[in-house]
There are 2 protein chains.
Amino acid sequence: MDHKLSDRKKKVLRAVVDEYISSPIPVSSSEIREKYFNDISSATIRVELSALEEMGYLVQPHTSAGRVPSSIAYKFYVENFIGKKPLKKKDIRTIDNFFDKKFNEIEDIVKTSAKVISEITNYTSVIVINNINNVLIKEIKIVGLEPNSALVIIITDSGIIKDNIISLKRNTNSSFIRDANVLINKIFAGYTVGELKTRSQMVEMELSDFRELLDCVIEILKNYSNKSAKNVYVEGGNKMLNYPGATLEQAKSALNVLEDKLLLGNLLDDKTDNIEFSFKIGKDETCGIDRCAIMTAKYTINGKEIGQAGVIGPERMDYGKVMGVLSYLSKSINSIAACEIIDKCDETSIFGEEDGKEK
Amino acid sequence: MDHKLSDRKKKVLRAVVDEYISSPIPVSSSEIREKYFNDISSATIRVELSALEEMGYLVQPHTSAGRVPSSIAYKFYVENFIGKKPLKKKDIRTIDNFFDKKFNEIEDIVKTSAKVISEITNYTSVIVINNINNVLIKEIKIVGLEPNSALVIIITDSGIIKDNIISLKRNTNSSFIRDANVLINKIFAGYTVGELKTRSQMVEMELSDFRELLDCVIEILKNYSNKSAKNVYVEGGNKMLNYPGATLEQAKSALNVLEDKLLLGNLLDDKTDNIEFSFKIGKDETCGIDRCAIMTAKYTINGKEIGQAGVIGPERMDYGKVMGVLSYLSKSINSIAACEIIDKCDETSIFGEEDGKEK
DNA sequence: TCTAGCAGTCAAAATATAAGAGTGCTAACA
DNA sequence: TGTTAGCACTCTTATATTTTGACTGCTAGA
């Protein structure tokens, strides 16, 4: 399907997509002629349209209707005609407002980002955390809770990962907790998550007393770098219902995909290394969400690549804007996170072990 | 609207609702006669139907159609004919499976409950936490994190409330944290959340050094007993799209209400004290969600009333089943929580007499 | 008080008609 | 060879028109 398109064909193709995006009715030869050409007639355009249809870029709903872009057309359109559009002042203000507060946790940043993307683009947004391998573990804190459970708090140079209560068979009394803190930090602190595998092997022979705890901590870290439903954040799912022309049936199936976090995670996950944006369109590329497209960008926190942030919207979405938002936001997240951390850690690595001593 | 209904009228009314619930097409006099009466003719039933319509219980979509129940009819139906239906073995197994794991936090229990309710009933479920006033604070732990922030963990007799990173202006060095732990626990430990107001006044004169921290802790506790978006959990929102006859427009507006957690919280919140179930129906009682009804029950954790759990479903829902599930689940939650806590807190004195009841 | 029977009503389905938008084709022209 | 005007043809959409069938309400008689 890689015919070379003449300049005029390109212009016609672009006209069709532009027109269809601005209003979703099949576009006719005369419409194109009026708005985009004054040197050739509609009959000539019809010839071009016919050729483009032949090549698979356009589709005709029925014999006497105008043309509608195919998935291939959108793909070509995005790759050749569209770049990130600079954001409106208003939108920048919105984003900055959202981020004008303290963030303590990665999760918090991610959730806020998802919200802001959905708010501004008016599409559904999805963010996946799936790559914290080169994040640096600054400290791990174990706090004893009930007799058999403890809270594990992981502090990294990209923020705090918390939310992990673990249950142990053994009693988590204060002396155990104290020793555990020392040991665990000896093992993990100062290393990146990526080094985890080798590290954990290194300590294979350590006191079996802490075996169970160690396994828990490793499990937690693994969970954060692996695909797991917990690491997928969706916002504005019901905006999926706003696309005109959608039937209830389509909406339902789309929402079902959104529900399946694991599937979604895979959908966003993108192998291609170098490009800024990844773009998926067509039923087979979007896990069966009909007439939709997915645009994602990698994002970083404190300079480390953490995952992907993206938008699921109708094929005829405002690609330029979406790209603009994703791009701006990825910068925003990064600088915010960086500020936070620099701001806070001017006296890094001073935290003594102070907890687990009452009862 | 409180006419007294003859027994026969009641029987007819019930027939209409039963019939309409089992299949949502207007029910005719002859249909009722066939399935519910063999002693009187359809003409006689027509007279009764006519009367019931006059009284506001039934509605006729158009002159030559059968009858459809009005909101009032559903209300009457639920109040007079329906009680909780015992659960199917299969459903009980499903529930027990869901709860067959360790729960460390209230939030965890609540989320799981919401999931299970939605799963079994196939309707949208909502749970609100809005009353932890008589929950006993066993301990509060302050863990220093970064130089200016700390994690507050609240351990109660109903489970752990955590998830609260706070930022302070002052430095959270280890000696401060140590003192804070002692002080905070002197103030809060052993008291219920309800006593909070008086307590916090009592310590008005304490060292102003800890003022800021104290305010944070109080704020957290307040947040949990107040209405706030954080305390509302929704599950299976997109099941709202499954009700036959719903238009896309209705679905959209319903999902919008679901999005507004605060509104939802108020919707579930119910003042009536003594009854087990609360039931709302009709556009004005359901915040405009069309053709839907809301059935809620109070639930307790460790014997303390914590909030409401409910189902939002179509008017023609399986009320008996819903009531059955809510009722069973409320017992489940209670006993599970109790087990957990007893299991863990063998040293505490508070339990032991009340609340034996497991099945 | 009940009921058989019938006339009347109305929605939904089926059918017919008209209008309009847009194309493809052809033949002529530069 | 590429372009264009013009026209016949196609197919959707909108609007009327008719038919069908399901119910009811009413009435008169048991």
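In what follows, chains carry the letters A, B, and so on, assigned in the order in which the sequence lines appear, proteins first and then strands, with residues in each chain numbered from 1.
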> Strictly by modelled atom types, are Arg46(B) and Ser29(B) linked by a side-chain donor-acceptor pair under 3.5 Å?
Replying inline: yes
>> Parallel, tilted or perpendicular, judged at 30° and 60°: which one describes the rings of Phe81(B) and Phe76(B)?
In response: perpendicular
> Closest nucleotide of DNA chain C for Ser41(B) versus for His62(B): which of these residues is on the 5' side?
Replying inline: Ser41(B)
>> Which residues pass the side-chain contact (heavy atoms from CB on, under 4.5 Å) test with Lys261(A), not counting sequence neighbours?
In response: Ala229(A), Val232(A), Val234(A)
> CD of Glu249(A): more than 12 outside heavy atoms within 6.0 angstrom?
Replying inline: no
>> Students often mix this up, so state it plainly: with edges at 30° and 60°, are the rings of Tyr319(B) and Tyr74(B) parallel, tilted or perpendicular?
In response: tilted
> What string of B, S and - do you get for nucleotides 24-30 of chain D, 5' to 3', when a contact is any protein heavy atom under 4.0 Å?
Replying inline: BB-----
>> Quick check for you: name the first and last nucleotides of DNA chain C, 5' to 3', having an atom under 4.0 Å from a heavy atom of chain A.
In response: dA21(C) to dG24(C)
> Nearest-Å distance, CD1 (Ile32(B)) to C1' (dC23(D))?
Replying inline: 12 Å
> Just checking Arg33(A): base, sugar-phosphate only, or nothing, at a heavy-atom cut-off of under 4.0 Å?
Replying inline: nothing
> For the side chain of Lys84(A) and the backbone of Ser327(A), is there at least one donor-acceptor N/O pair under 3.5 Å apart?
Replying inline: no
> Any cation-pi pair here, Lys11(B) with Phe37(B), using under 6.0 Å and within 45°?
Replying inline: yes
>> Under a 3.5 Å distance rule, please check whether Ser125(A) uses its side chain to pair with a backbone N or O of Ala114(A) as donor and acceptor.
In response: yes
>> Rounded to whole Å, please give me the gap between CG in Asp39(A) and C1' in dG2(D).
In response: 13 Å
